Protein chains: 2
Amino acid sequence: MAQTKNFRFEELLDKHHLKKTGARLRVLSMMYSKNTATSQPDLESVMNDIDRVTLYRILNVFEEKGIIHKVFDLNGTANYAVCHADCGENHHHDEHLHFNCTNCKNVYCLDDLHMPRLNLPDGFKAESFTLYASGLCPKCSKKSQVIAN
Amino acid sequence: MAQTKNFRFEELLDKHHLKKTGARLRVLSMMYSKNTATSQPDLESVMNDIDRVTLYRILNVFEEKGIIHKVFDLNGTANYAVCHADCGENHHHDEHLHFNCTNCKNVYCLDDLHMPRLNLPDGFKAESFTLYASGLCPKCSKKSQVIAN
DNA sequence: ATCTAAATGTAATGATGTTGCATTTATGTT
DNA sequence: AACATAAATGCAACATCATTACATTTAGAT
Ligand SMILES: [Mn+2]
Ligand SMILES: [Mn+2]
Ligand SMILES: [Zn+2]
Ligand SMILES: [Zn+2]
């Protein structure tokens with residue numbers, strides 16, 4: 001099973017003409033295993049044996065290739081999430097809602113919630129929209145219910 | 001006129017039980033004079049005679065009091081804009097669209113464009129929404145038209 | 001005028017992100 | 001299997017943004 005998954009990531013790297021290195025495979029494996037975005041600080045502490053600079057370079061190249069996208073959370077911290085849309089080299093289409101839980105700080109990509117088109121004031125030419133929400137995620141809202149009882 | 005305006009800012013500080021200091025009045029004067037948000041780097045370079053730490057403290061207290069709100073732009077840089085909604089101590093209501101021009105980098109608060117209410121997946125309890133758009137602002141879209149001709 | 005909490009200044013430190021350059025490694029070719 | 005080389009990594013230094021602790025000054029009240 002683990003092999004199958006790893007093979008999938010190796011294919012992904014191949015597709016983008018990126019060398020299959022341990023660091024890259026580990027980053028992919030971590031990000032694909034979660035249903036939330038991963039913050040840069042988290043990545044850095046988990047992958048503490050990989051050089052900081054290397055990590056930044058991996059994140060940057062993955063973003064350029066359309067493998068992941070960057071989201072800033074409520075505190076301005078960079079978070080990274082895998083792209084499920086048909087993103088590619090310099091062409092991102094991740095215009096879904098990003099939900100930032102105020103309790104656990106996790107950022108969720110709610111891919112099904114797209115932006116409603118809006119008519120902007122005269123002169124503004126929008127190229128992309130992003131939608132943010134903050135509040136309690138399912139886990140944390142359930143937890144706070146329990147505490148309230 | 002300048003006196004009238006300054007008096008207005010002094011009243012504002014009074015209302016929030018903040019001492020009327022030169023630094024605070026200058027920050028208010030700068031932010032109220034523009035129709036776009038002001039980035040932290042800009043503030044720092046313009047107010048280069050005020051200590052960096054003081055500037056951060058001014059921004060933080062203004063945000064706490066509901067006088068200004070913080071917006072991160074596309075690069076994760078902190079920008080500050082005056083609150084036009086009825087924001088107060090620990091109660092912000094700035095759920096309008098923030099437009100980030102990719103050319104001039106300015107952030108515009110489009111107060112009239114509020115969030116459409118969305119139904120989130122089960123369990124998510126949203127407390128606040130924010131809407132971002134990026135593209136060309138009126139000035140820059142006009143400029144690019146001229147160049148194209 | 002005096003007093004004091006609030007505001008500012010200063011120095012040190014932390015967190016995040018980038019750049020330049022030396023070294024190593026993945027991978028295609030022989 | 002050995003080689004060649006571009007790509008990837010590691011390391012050191014630096015840049016920027018932000019916070020903390022503590023000393024000093026000042027606005028505003030008495
Ligand atoms: Mn996303
Ligand atoms: Mn705003
Ligand atoms: Zn949560
Ligand atoms: Zn512009």
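Only this structure's heavy atoms are used, side chains among them; waters, hydrogens and symmetry mates stay out. Only a predicted model underlies this, so the values are computations on that prediction, with no experimental measurement involved. We name chains A, B, ... by the order of the sequence lines, and we start the count at 1 in each one.
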In 5'-to-3' order, the base (B), backbone-only (S) or no-contact (-) status of each nucleotide in nucleotides 21-30 of chain C, using a 4.0 angstrom heavy-atom cut-off, is -----BS---
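- Between H17(B) and R52(B), the one whose closest nucleotide on DNA chain C sits nearer the 5' end is H17(B).
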Protein N or O to nucleotides 13-15 of chain C N or O, pairs below 3.5 Å:
none

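- One can place CD of E44(B) at 12 Å from P of dT19(D), the figure rounded to the nearest angstrom.
- Rounding to whole angstrom units, NE2 of residue H16(A) and C1' of dA8(D) are separated by 18 Å.
- There is a side-chain donor-acceptor pair under 3.5 Å between Q40(B) and Y56(B).
- Separating the CD1 atom of I58(A) from the P atom of dA7(D) is a distance of 16 Å, rounded to the nearest angstrom.
- Taking the centre of each ring, Y132(B) and Y132(A) come in below the 6.0 Å mark.
- No side-chain donor-acceptor contact under 3.5 Å links T36(B) to the backbone of N106(B).
- Put simply, the side chain of H92(B) never gets that close to the backbone of G88(B): no donor and acceptor are under 3.5 Å apart.
- Of the candidates dC11(D), dT19(D), dA18(D), the closest approach to any side-chain atom of D51(A) belongs to dC11(D).
- Rounded to whole Å, atom P of dT8(C) lies 9 Å from atom CZ of F62(B).
- Note on R24(A): only backbone sugar-phosphate atoms sit closer than 4.0 angstrom, heavy atoms only; bases stay farther off.
- Using a 4.0 Å cut-off between a side-chain N of Lys or Arg and a carboxylate O of Asp or Glu, D49(B) and R26(B) qualify as a salt bridge.
- No close placement of the H93(B) and H69(B) rings is indicated, their centers lying 6.0 Å or farther apart.
- Salt-bridge formation is detected for the pair D14(A)/K20(A): a Lys NZ or Arg NE/NH1/NH2 atom is positioned less than 4.0 Å from an Asp or Glu carboxylate oxygen.
- dT25(D) atom C1' lies 16 Å from atom CD1 of I50(B), rounded to whole Å.
- With distances taken from any side-chain atom of Q40(B) to the nucleotides dC17(D), dG9(C), dC11(D), the minimum falls on dC17(D).
- Minimum atom distance to the side chain of Y56(B) is reached by dT19(D), of the listed dT19(D), dT8(C), dT18(C).
- Proximity of T54(B) to the phosphate of dG9(C): a side-chain N or O atom is located under 4.0 Å from OP1 or OP2.
- Atom C1' of nucleotide dA7(C) and atom CG of L59(B) are separated by 15 Å, given to the nearest angstrom.
- Of the residues in residues 64-76 of chain A, none lies under 4.0 Å from DNA chain D by heavy-atom distance.
- With hydrogens and angles ignored, the 3.5 Å screen pairs a side-chain donor or acceptor of N100(B) with a backbone N or O of L74(B).
- Tested against V27(A), the residues R24(A), M30(A), M31(A) include a single side-chain contact (heavy atoms from CB on, under 4.5 Å) partner, M31(A).
- Taking the six-membered ring where tryptophan is involved, the planes of F124(A) and Y108(B) are perpendicular, since the angle between them exceeds 60° and thus also 30°.
- In this structure, K34(A) places its NZ atom where more than 12 heavy-atom neighbours from other residues, nucleotides or ligands lie under 6.0 Å away.
- Atom CE of M47(A) is separated from atom C1' of dT9(D) by 15 Å (rounded to the nearest Å).
- Between the C1' atom of dA8(D) and the CG atom of L55(A) lies a distance of 14 Å, rounded to the nearest Å.
- In this model, a donor atom of one side chain and an acceptor atom of the other lie less than 3.5 Å apart for S134(A) and S128(B).
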